[in-house]
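Below is one structure, written out as structure tokens; the observations come after it.
This chain uses plain numbering: 1 for the first residue, then up along the sequence. Note that the structure is a prediction, hence the values are computed from the model and not measured.
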Amino acid sequence: MKKIERIWAIVALAALVANALPLAAAAPPPPGTVVISNVNVNRNSLSGTVANLSWSTNPTSSCDSVTFQVSGQSSRTISLPCKVHSASLTGLAVHVTTTFTITATAKKYNPGTYSSAFYPTDVSTSKAYESFQYSLPITGGPCGTIYYQETVTAQMPGDIEYDPAQAGNANHYELFDVHMAFNGLGVPICPGSSQVITARQTFMRIWVLDTTSNVNNWLPAAVDPVPNVDTGGYPGYINWAINLGGTVYGASFGVTLGYTPPSGVTIYPTWWNTPYPDGWQYESSLEIDWNGAMQTLANVAWPLHVIDSQAQYRLGDQVLVRVGFVTTLNVWDPSFGWVGSDVQWGVPGIVMGQGSDNNGGNNLDQYTDVQMGTSSGPGS
């Protein structure tokens, strides 16, 4: 009997050892990976050359670094003290893509990484302004070639503002005034002649394009331009303020609005707010019918509505505004009125907000961003 007991004891011991062997031979669990989360990019600054990053890590004791690269430039790396999870990127280029990678390391963890890209935006406290002069040669007349001349101008605030305090009010809006100016200079068909080739009609048209989202309906034309009746010139001011990190930057510019001659002019304003296949939204058009003067001038401010409840989702978007001018020319005779045939002439449209001038001259243009703030002007 004792022999049988010894045999069962040996069998039990062997089974115990066999069951224990897998536990003794098991590999240690693999290390975890540092988790990077809650990455926030504040890409807005006064100059558009600085951006601030912040993020969270698990474990929070990780030692982090940020490698970033402005498109077309060499990469740079910022090494941070352990437990610091924010960095300021400097030397950026406004509206030029910057890529970045956050790397976080910690003892007993595999390194964690996070990569993304953005473009920095700038606060524009100055206006956007462009003006061009054109000359149209007219041939075939009794006295040889003559020249009709006109100057076209457009200006607007440097950025588009929406008021975050009013974002919950679907009926609230800021005014973003686009100022358009036309100056046509007629020419006698012959020296000393009372018959002149001059503007019979002028058409001013506005388009907008949100190049970031291709969503444009938050910036419609919803009221007529100012002035919207025959009137002499009067002054007005376009004002805006931008809130950047608790600091408010304000700016404004003055305009003299009206028509020359101040009487006998008929205008036909139309709101379109129509999307075009190329992404632009055709906002509005203004037809001006002149009364035969040799020199014709129009200074008009057209207030577009920045709908706060919708514009809040467009923060940082880049927006282009295009102003087009088309003139109908004819021959004006003081005794008989218009006596010639209409000829239409369109000059290149003025595009503002693209960061560079159309002709490389001294005109003021810049990137037009959507910013937090307020704006007002004629038409309010």
Side-chain angles (χ1 to χ4, degrees), residues 36-57 62-81 84-104 111-129 156-162 164 209-214 240-251 311-321 351-358 360 362-373:
I36 301 172
S37 60
N38 301 321
V39 178
N40 179 67
V41 181
N42 182 354
R43 61 184 179 178
N44 202 26
S45 66
L46 190 62
S47 64
T49 61
V50 178
N52 294 301
L53 309 183
S54 63
W55 60 92
S56 302
T57 65
S62 66
C63 305
D64 305 345
S65 64
V66 180
T67 298
F68 65 100
Q69 183 175 22
V70 179
S71 180
Q73 300 182 16
S74 300
S75 63
R76 287 168 280 174
T77 299
I78 301 173
S79 297
L80 301 167
V84 174
H85 310 305
S86 62
S88 181
L89 311 187
T90 61
L92 309 182
V94 60
H95 275 270
V96 175
T97 299
T98 295
T99 58
F100 70 93
T101 297
I102 302 169
T103 302
T113 60
Y114 176 93
S115 297
S116 189
F118 67 95
Y119 63 82
T121 54
D122 67 317
V123 169
S124 300
T125 56
S126 62
K127 65 184 178 183
Y129 173 93
M156 64 185 194
D159 281 322
I160 297 174
E161 289 70 46
Y162 91 93
L209 172 62
D210 185 324
T211 65
T212 306
S213 66
N214 285 321
W240 66 100
I242 304 171
N243 187 338
L244 177 63
T247 302
V248 177
Y249 295 91
Q312 65 175 317
Y313 305 111
R314 305 275 71 87
L315 182 64
D317 284 9
Q318 181 189 359
V319 180
L320 302 182
V321 176
V351 180
M352 296 182 291
Q354 59 189 349
S356 62
D357 301 324
N358 288 353
N362 294 322
N363 293 319
L364 303 174
D365 197 10
Q366 55 216 333
Y367 291 106
T368 297
D369 307 316
V370 180
Q371 300 280 359
M372 291 188 294

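Counting all heavy atoms, side chain and backbone alike, A93 lies closest to P120 at O-CG, 3.1 Å. When all heavy atoms of Y119 and G316 are compared, the pair lying nearest together is OH-O, 3.1 Å. Taking all atoms of both residues into account, the shortest heavy-atom contact from Q318 to Q354 is NE2-CA, 3.9 Å. Contact record, S115 with T101: OG-OG1, 2.8 Å, taken as the closest heavy-atom pair. Listed here is the closest heavy atom pair of V94 and S47: CB-O, 4.4 Å. The minimum heavy-atom distance between D365 and V351, with the atom names listed, is OD2-O, 3.6 Å.
To the nearest 0.5 Å, the span separating CG on D369 from CD on E161 amounts to 10.0 Å. In this structure, NE2 in H85 is found 14.0 Å from CG in L53, a value given to the nearest 0.5 Å. Rounded to the nearest 0.5 angstrom, S45 OG and D122 CG are separated by 7.5 Å. In this structure, CD on Q371 lies 12.5 Å from CH2 on W240, to the nearest 0.5 angstrom. We find the CH2-CG distance between W55 and N38 to be 12.5 Å, quoted to the nearest 0.5 Å. If you take NZ on K127 and CD on Q366, they are separated by 11.0 Å, rounding to the nearest 0.5 Å.
Listed by chain and number, the residues in a side-chain hydrogen bond (donor to acceptor under 3.5 Å, both in side chains) with N52 are S88 (sequence neighbours excluded). A search for side-chain hydrogen bond (donor to acceptor under 3.5 Å, both in side chains) contacts involving T113 returns nothing, not counting sequence neighbours. Take R314 and apply the salt bridge (charged side-chain N to carboxylate O under 4.0 Å, His left out) test, not counting sequence neighbours, and it matches D210, D317.
Taking the six-membered ring for Trp and thresholds of 30 and 60 degrees, Y114 and F100 have ring planes inclined between 30 and 60 degrees apart.
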*Assess whether side-chain contact (heavy atoms from CB on, under 4.5 Å) is satisfied between L244 and Y249, documenting all intermediate values.*
CA-CA 8 Å; L244 177 63; Y249 295 91; 4.0 Å; yes
*Going through the checks in order, is the side-chain contact (heavy atoms from CB on, under 4.5 Å) test met by M372 and Y162?*
CA-CA 5 Å; M372 291 188 294; Y162 91 93; 3.7 Å; yes
_Set out, in order, the CA-CA distance, both residues' side-chain angles and the distance that settles side-chain contact (heavy atoms from CB on, under 4.5 Å) for T103 and T67, then state yes or no._
CA-CA 8 Å; T103 302; T67 298; 5.9 Å; no
*Given T125 and V123, is the side-chain contact (heavy atoms from CB on, under 4.5 Å) satisfied, shown in steps?*
CA-CA 6 Å; T125 56; V123 169; 4.1 Å; yes
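Side-chain N/O atoms of N44 and T121 include a donor and acceptor closer than 3.5 Å.
With I78 as the fixed residue, the side-chain contact (heavy atoms from CB on, under 4.5 Å) test singles out one of L89, D64, T90, I102: L89.
Within the 4.5 Å cutoff, no side-chain heavy atoms of V70 are placed close to those of T99. Taking 4.5 Å as the limit, some side-chain heavy atom of F118 sits within range of a side-chain heavy atom of L92.
Between the side chain of T49 and the backbone N or O of G91 there is no donor-acceptor pair closer than 3.5 Å.
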